[in-house]
Amino acid sequence: MSKIFQSIRAYIIPVKLSEYEVGAYTHLIEKHGGKKCVKQGESTHIFTILKSSTRISRNVESHQVPVIDIQWIRDCDKKQQLLPIETYTIITDRKKLRSSSSDHDALVPSLSLLTTSTATTSISSGSNTDILNRRFKDSPPEDLPFSDESGSTRRGEGENVDLAPGFINTKYECLRPTPYEPKYNKKLVSLLLLLERKRQIDNELKRSLSYRHAISAIKAYPREIQSSKEAEKIIGVGSKIAEKIKVFLHTGTIEEADQLRYDEEFRTISLFNKVFGVGATTARIWWELGYKTLQEVLDNAKLSTTIKLGIELLPDFDQMMSQQDVKEIIDIVTKEVVSINSECFVVPVGGYRRGKTKNGDVDLIISSKNAENMRGFLNKLTQRLIEKDYLKHKLWHSTDIKNLAHAERPSSVGGRQQFDNFEKCFCAFLQPSTGIHRQVDLICVVNPDELATAILGWTGSRQFERAIRDYAKKEKNMSLNSQAIHFEQNGKKNRFVVHSEKDAFDIIGMPYLEPEFRNC
DNA sequence: TGGCTGTACTG
DNA sequence: CAGTAC
DNA sequence: GCCA
DNA sequence: CAGTG
DNA sequence: CACTG
């Protein structure tokens, strides 16, 4: 029995917590000399598992006391000491707000303050704030990603109607190697990518997906396509897309796609859509509200904190990383991980592992052969990275409730789930050499059994993951996610033991594909 | 004509 | 739930 | 939009 | 958030 | 208003 919580009178917001969980937290508080109170009015701190401040506000009577992430209790217990409460504070109390800013915080800020003081562009240092003011009216057309014209110089459809020998014609992209950059049909692929994106921002998800299938197939196709008949034999290319290919073979372009390269609406919505937290719907709403640049959105729209952050970070996040940049970050994180626990290790996944030369983010899996090492690890790690000034913002992080169930097992009922679900944290990481914020996704794999499937799942590509899960389900009656492979047999779920990535391919019964060829 | 990866957080 | 993220 |  | 009771 | 999907 310690005294670290001696001066704490805690109120726990019961929402989203089971009775058992409330009991477990109460136990922790009392174990360290704190008191739990039933009435908020008598408390010095309010604890909650909720993340949304609006949601929290509904459960808080008055903001006289700070609202703290309940995780703090667990972390203090683990470390047996009072941890700095600031990073866990979700809502600061009145007194603190008073001292730092204006009197009535909840009331509307005056007009003058709104436009001028919002220029707290403290984030951008070595970044091109240019992108925030980018607008597309009368601007030069968008570049095509794979625009090597050399293949499409000779116009017109050829005679050849047969598929290229050696091409694996399947609806499952995961069964054939797909390079990141196509060798052939580059311009066609670039144009189809525009159409895919158009369907996507129009929220035509199924159509978008269809283009994705066709694009993957064509990227993997081992020669220039010579006729639309040939194209239509490719599984994933149906009558509509074949028709577009036919036009492309005759004219060297696809009207609808080429137009998009100049289209102000399309390009503006596409840009908005790059912001973390902004999907097709929000992007279009902004467009319909008349915003033409992100700066206008920033100045005038009411934004959640995540999206505001997302916009402010875009000038940095939009700058692609070389493999050297990625290595630098991997080395830093690895060093910190190992110094916390030398048995832990880092596995780079994502596009970097697939050999992409330019990457928009860094995905890192952190694990250990010993599950015990991993309990609460991500919190330790992020805290260190914050202290060392690498980690600047958490864009998103998961809450691992099952970890608690495990930690408190002695008093818990036996049949509790294993502590599966990873802890994840997507953050803005300041790269020292360039001063640019990079999106780093940290994924903590607690259970060693889950490592292989986690690596498989986080290596991607997105399309590869869809295909392999679809294949496992439809063809093998197995279900795959980033934690396990299951096989159903007379209503019983059996979990396979997956020792390695190769093992996973064997279990599913498909040929192994090196990460470089999973760029579907 | 149904289904399109599977799962978790936020508002 | 709809929207978003991986 | 495409496949089964 | 929008919808429900 | 408190809660749910």
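Labels below follow one simple rule: chain letters A, B, ... track the order of the sequence lines, proteins then strands, and each chain is numbered from 1.
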Discussion item. If you count heavy atoms of other groups shown closer than 6.0 angstrom to NZ of A:Lys233, is the number above 12?
Written reply: yes

How many Å lie between [atom1] on [X] and [atom2] on [N], as a whole number?
| X | N | atom1 | atom2 | answer |
| --- | --- | --- | --- | --- |
| A:Phe276 | C:dT4 | CZ | P | 12 Å |
| A:Ile215 | D:dC2 | CD1 | P | 12 Å |
| A:Glu204 | D:dC2 | CD | P | 13 Å |
| A:Leu303 | B:dG11 | CG | P | 12 Å |

For atom [atom1], what is the distance between [N] and [M], given to the nearest Å?
| N | M | atom1 | value |
| --- | --- | --- | --- |
| E:dG5 | B:dT7 | P | 31 Å |
| C:dA2 | F:dG5 | P | 13 Å |
| E:dT4 | B:dC9 | P | 27 Å |

[X] near the nucleic acid: base, sugar-phosphate alone, or nothing, with a heavy-atom cut-off under 4.0 Å?
| X | answer |
| --- | --- |
| A:Ile241 | sugar-phosphate |
| A:Ile235 | sugar-phosphate |
| A:Gln463 | nothing |
| A:Leu395 | nothing |
| A:Lys171 | sugar-phosphate |

Under 4.0 Å between a side-chain N/O of [X] and OP1 or OP2 of [N], yes or no?
| X | N | result |
| --- | --- | --- |
| A:Lys424 | B:dC9 | no |
| A:Ser208 | D:dG1 | no |
| A:Ser479 | B:dG6 | no |

Any idea which of [options] is nearest the [X] side chain?
| X | options | value |
| --- | --- | --- |
| A:Trp458 | D:dA4, B:dG6, C:dC6 | C:dC6 |
| A:Asp441 | C:dT4, D:dG1, C:dC6 | C:dC6 |
| A:Ser239 | B:dC9, D:dC2, C:dC6 | D:dC2 |
| A:Ser304 | B:dG11, C:dT4, B:dT5 | B:dG11 |

Discussion item. Assess, by modelled atom type and distance only, whether the side chains of A:Tyr180 and A:Arg354 contain a donor and an acceptor separated by less than 3.5 Å.
Written reply: no

